[in-house]
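Everything below concerns the one structure shown next.
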Amino acid sequence: MEVEAYLGLHDPASHAAERIGRTARNDVMYGRPGLAYVYLIYGMHWCVNVVTGTEGVPSAVLIRALDPLAGEDVMAERRSRRPLTSGPARLCQALGVTGELNGHDLAHPPLTLAPGWPVDPGRVATSPRIGVTRAADWPLRFYLAGHRAVSGPRSLNTSDPVLRRNV
DNA sequence: ACTCCGATTGTT
DNA sequence: ACAATCGGAGTA
């Protein structure tokens, strides 16, 4: 229950920041909303975004944690019983998401985005994005306060997040 | 062509 | 605190 927003051209931390331009890697961010943008980080971990914004405006939402409703047995197998879905790379491993799904339309299997349930707006907390060095103070991380499926140390999972850089 | 470093994670 | 691990970004 945790996401981060990346605002494209005018967001220095985005893979589609203006100084970078349109490249093979960030190309799907320019595509239709509802596509999956999957990228490799640190040469070993996959992370998945949902492309947002209108076509041609490269924006995306990084999925950093989610609440497993089913299939936890399979996830535990893939994750060797480590934390399953709290962390952008962890949840990709748990769900079996790899670069093959880059550009995939999330309206169709094998990976789909479905409507969830209403949440109390008062439980939605914000903080700076984790792990970014540019625009490090932009409050574009959103998470459900107190929810078990949130990445990072417990101290970050509060309704009154401390503004600290990284970890 | 070559260096630097990252939207991370797991182990020491 | 630090290694793993590699493609993309920045520089030349």
Side-chain angles (χ1 to χ4, degrees), chain A residues 1-31 33-53 57-68 72 74-104 106 111 113 124-145 147-158 161-167:
Chain A
M1 312 273 58
E2 175 190 2
V3 297
E4 281 176 3
Y6 288 85
L7 307 184
L9 294 182
H10 304 290
D11 180 353
S14 171
H15 288 168
E18 193 165 36
R19 63 187 169 82
I20 297 175
R22 187 167 184 164
T23 68
R25 175 166 77 152
N26 63 31
D27 191 67
V28 312
M29 291 181 72
Y30 286 80
L35 298 182
Y37 166 47
V38 184
Y39 69 94
L40 185 65
I41 186 65
Y42 293 107
M44 61 189 102
H45 301 300
W46 296 107
C47 297
V48 63
N49 295 251
V50 177
V51 174
T52 58
V57 178
S59 301
V61 170
L62 171 69
I63 312 298
R64 290 195 57 89
L66 54 80
D67 192 12
E72 295 180 63
V74 184
M75 295 183 188
E77 187 90 7
R78 290 176 175 144
R79 290 279 305 146
S80 302
R81 281 190 284 278
R82 294 163 181 291
L84 279 81
T85 58
S86 60
R90 289 170 175 173
L91 71 87
C92 277
Q93 186 181 7
L95 297 180
V97 172
T98 70
E100 294 182 6
L101 287 177
N102 188 39
H104 169 72
L106 292 170
L111 185 65
L113 184 65
V124 179
T126 66
S127 84
R129 293 171 291 188
I130 294 180
V132 303
T133 56
R134 303 170 188 265
D137 58 339
W138 292 20
L140 294 177
R141 172 174 176 255
F142 304 89
Y143 59 98
L144 203 51
H147 196 280
R148 73 171 197 272
V150 169
S151 72
R154 208 64 175 156
S155 59
L156 279 179
N157 183 12
T158 67
V162 182
L163 299 194
R164 45 152 86 171
R165 283 183 105 114
N166 304 327
V167 186

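Numbers restart at 1 for each chain; the letters A, B, ... are given by sequence-line order, proteins then strands.
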Tell me the closest heavy-atom pair linking [X] and [Y], and the distance in Å.
{"X": "A:Gly103", "Y": "A:Leu35", "result": "O-CD2, 3.8 Å"}
{"X": "A:Asn102", "Y": "A:Val28", "result": "OD1-CG2, 3.6 Å"}
{"X": "A:Trp138", "Y": "A:His10", "result": "CH2-O, 3.3 Å"}
{"X": "A:Tyr39", "Y": "A:Ile41", "result": "CE1-CB, 3.7 Å"}

Point to revise | Derivation of the side-chain contact (heavy atoms from CB on, under 4.5 Å) call for A:Val61 and A:Asn49 | key: CA-CA 5 Å; A:Val61 170; A:Asn49 295 251; 5.9 Å; no
Practice item. Kindly say whether A:Ala13 contributes a backbone atom to a donor-acceptor pair with the side chain of A:Asp11 at under 3.5 angstrom? Key: yes
Check your understanding: Got a donor-acceptor contact below 3.5 angstrom from the A:Glu2 side chain to the A:Ser151 backbone?
Key -> yes
Practice item. Could you run through DNA chain B and flag its stems, i.e. three or more consecutive Watson-Crick or G-U pairs with both distances under 3.5 Å? Key: B:1-6 with C:6-11, B:8-11 with C:1-4
Review point. Is a side-chain donor-acceptor pair under 3.5 Å present for A:Arg78 with A:Gln93?
Key: no
Review point. When the C1' atoms of B:dA7 and C:dA1 are considered, how many whole Å apart are they?
Key: 22 Å
Point to revise | Pairwise C1' distance, B:dC5 and C:dC2 [rounded to whole Å] | key: 16 Å
Study note, to complete from the structure: 5'-most to 3'-most nt of DNA chain B touching chain A (<4.0 Å, heavy-atom partner on protein side) reads B:dG6 to B:dT11
Point to revise | A:Leu84/A:Arg90 under side-chain contact (heavy atoms from CB on, under 4.5 Å): CA gap, chis, key distance, verdict | key: CA-CA 6 Å; A:Leu84 279 81; A:Arg90 289 170 175 173; over 6 Å; no
Check your understanding: Base, sugar-phosphate, or nothing: which does A:Ala89 touch, judged by heavy atoms less than 4.0 Å apart?
Key -> sugar-phosphate
Review point. How would nucleotides 2-12 of chain C be written as a contact map, 5' to 3', with B for base contact, S for sugar-phosphate-only contact and - for no contact, using protein heavy atoms under 4.0 Å?
Key: --BBB-SSS--
Review point. Does A:Arg19 CZ have over 12 foreign heavy atoms under 6.0 Å away?
Key: yes
